[in-house]
Amino acid sequence: MANFSKSNVPQFSVDVYQNEFLPEGGREVNAIVTVTATGGGTIGSTVTAPHLYSPGEGPSAAVVLMVDCSGSMDYPPTKMRNARDATAAAIDALRDGVHFAVVGGTHLAREVYPGGGALAVADADTRAQARQASRGLSAGGGTAIGTWLRLADRLLASADVAIRHGILLTDGRNEHESPEDLKAALDACAGRFTCDARGVGTDWDVKEVTAVASALLGSADIVADPAGLADDFTRMMETAMGKEVADVSLRLWTPVGTTVRFVKQVAPTVEELTGRRVEAGPRAGDYPLGSWGDESRDYHVCVEVPPAGIGREMLAARLSLVIPQPGGSARNLGAQGLVRAVWTDDMAASTSINPQVAHYTGQAELAQVIQQGLDLRKEGDTDGATAKLGRAVQLASASGNADTAKLLAKVVDVVDAAAGTVRLKAKVEEADEMTLETRSTKTVRVKK
């Protein structure tokens, strides 16, 4: 079993993959940045008995479980029963010493355990009490996800901990508050805690659930069969227990005359970060990366540099990893990468696309055309949907994204994958379409 001692926190590294060569007058510089954290406790070590850790062994953490208790959770009745079992399974996966609470969500947010605006501290007794309290979860009422998130935020803020995380389950559409209210809640909670979101069954809105996960730097997924909830909740909690460093940011410094075109996560999922930049001094900005355990993620950075003549070279960007601190300071995590630009008249060098950049450009397009294709299909634009989903099949095939290819094959009949020739299926199971939409941003990593 891994030892979560203070000396066993992850060590971060940054690797940059790019073709630094530009033709005369060339301005766009692209790089794939791999961020890796190693040497901390492992997520897998929580699988057998996470509660056997002594308080203080793991990183200080707080988790709030938000369980949909709206009236639709009783249709069928097994849905609510499975949600109760899943909540109990997640509670069992809590490590000793972790602060936690259970919230029941309807058009209001109710503290199920421990209550009184407080968090409990996980041990054998509080886990047993929380399991007992969660058996009282029952369906009745509407759905207002923003109120659940705001209560979770208040509860998580009450704990002096390093890691703050939420797990949210819903089975329906957010019908009892306006989209603006949900957006305001997400804006208020962003940067304060991370959150994984799950939709159970097929009556929920994919864009609402993925918006929660995106804004709060968590994962989103579908659990079409409620019987799978307990396993999914256990995995989510085990992953949360493996996080050891919170609020990591990618700091990007660029020289005078250089413009940041975009910064996006491209593995394990596509996530746009450009608009989340927080200014961090002259020509520097921080892009939030969320909480980390032992893991690796890839980011695509694109900058525009001033044009220069043959033989010139410059530093296009400097990347570092930091944890922003109150008052504008930052803790540097000791990992740095450089993005370069070199102007050459060697056509072979300047026109070559770096394999990592090419791969992830395709993966980002894959996510985009799936969304566009499904939207066009819902609008009744058969030709447009066929073209977009055909392109998706082509990209999935070319990049070796077998999981996405299998999901696409449930929505279209593939005639020629390499050419992107497909036919829309006349009948598509709703769960299959929702699964494809929810998981459309999941990428396959390039073989380096």
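None of the values given here were measured: they were computed from a predicted structure. Just the heavy atoms: all of them, side chains too, but no hydrogens, waters or symmetry mates, feed the values below.
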| request: Might you work through the salt bridge (Lys or Arg N to Asp or Glu O under 4.0 Å) test for D231 and R235, ending with a clear yes or no? | output: CA-CA 6 Å; D231 285 344; R235 284 192 298 271; 5.0 Å; no

| request: List the steps, then state whether salt bridge (Lys or Arg N to Asp or Glu O under 4.0 Å) holds for K207 with D375. | output: CA-CA 11 Å; K207 287 180 172 58; D375 287 344; 3.2 Å; yes

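When only modelled atom types and interatomic distance are considered, D432 and T435 share no side-chain donor-acceptor pair under 3.5 Å. Side-chain contact of S214 with E271: a donor-acceptor pair under 3.5 Å is present, judged by distance alone.
Applying the ring pair (Phe, Tyr, Trp, His ring centres under 6.0 Å) test to F193 and every residue at least two apart in sequence or in another chain returns nothing. With sequence neighbours excluded, the residues satisfying salt bridge (charged side-chain N to carboxylate O under 4.0 Å, His left out) with R173 are D205. Residues meeting the salt bridge (charged side-chain N to carboxylate O under 4.0 Å, His left out) test with R340, sequence neighbours left out: E20, E313. The salt bridge (charged side-chain N to carboxylate O under 4.0 Å, His left out) test applied to R27 returns E304, not counting sequence neighbours. Here R192 pairs with D153 under the salt bridge (charged side-chain N to carboxylate O under 4.0 Å, His left out) rule; sequence neighbours left out.
Taking 4.0 Å as the cut-off between side-chain N and carboxylate O, D403 and K442 do not count as a salt-bridged pair. A salt bridge does not link R377 to E437: none of the charged side-chain nitrogens sits closer than 4.0 Å to a carboxylate oxygen. A salt bridge does not link D68 to R198: none of the charged side-chain nitrogens sits closer than 4.0 Å to a carboxylate oxygen. We find that K388 and D381 are not joined by a salt bridge, their nearest charged nitrogen and carboxylate oxygen being 4.0 Å or further apart.
When the shell of 6.0 Å around CD1 of I353 is examined, it contains 12 or fewer heavy atoms from other residues, nucleotides or ligands. Heavy-atom contacts from other residues, nucleotides or ligands closer than 6.0 Å to CG of D160 number 12 or fewer. Residue K378 places its NZ atom among more than 12 non-hydrogen atoms of other residues, nucleotides or ligands, all under 6.0 Å distant.
Nearest heavy-atom pair across S399 and V444 is O-CG1, 3.7 Å. Of all heavy-atom pairs spanning R164 and L156, the tightest one is NE-O, 3.0 Å.
Residue pairs meeting the ring pair (Phe, Tyr, Trp, His ring centres under 6.0 Å) criterion with at least one partner in residues 297-347, sequence neighbours excluded, are F262-H300.
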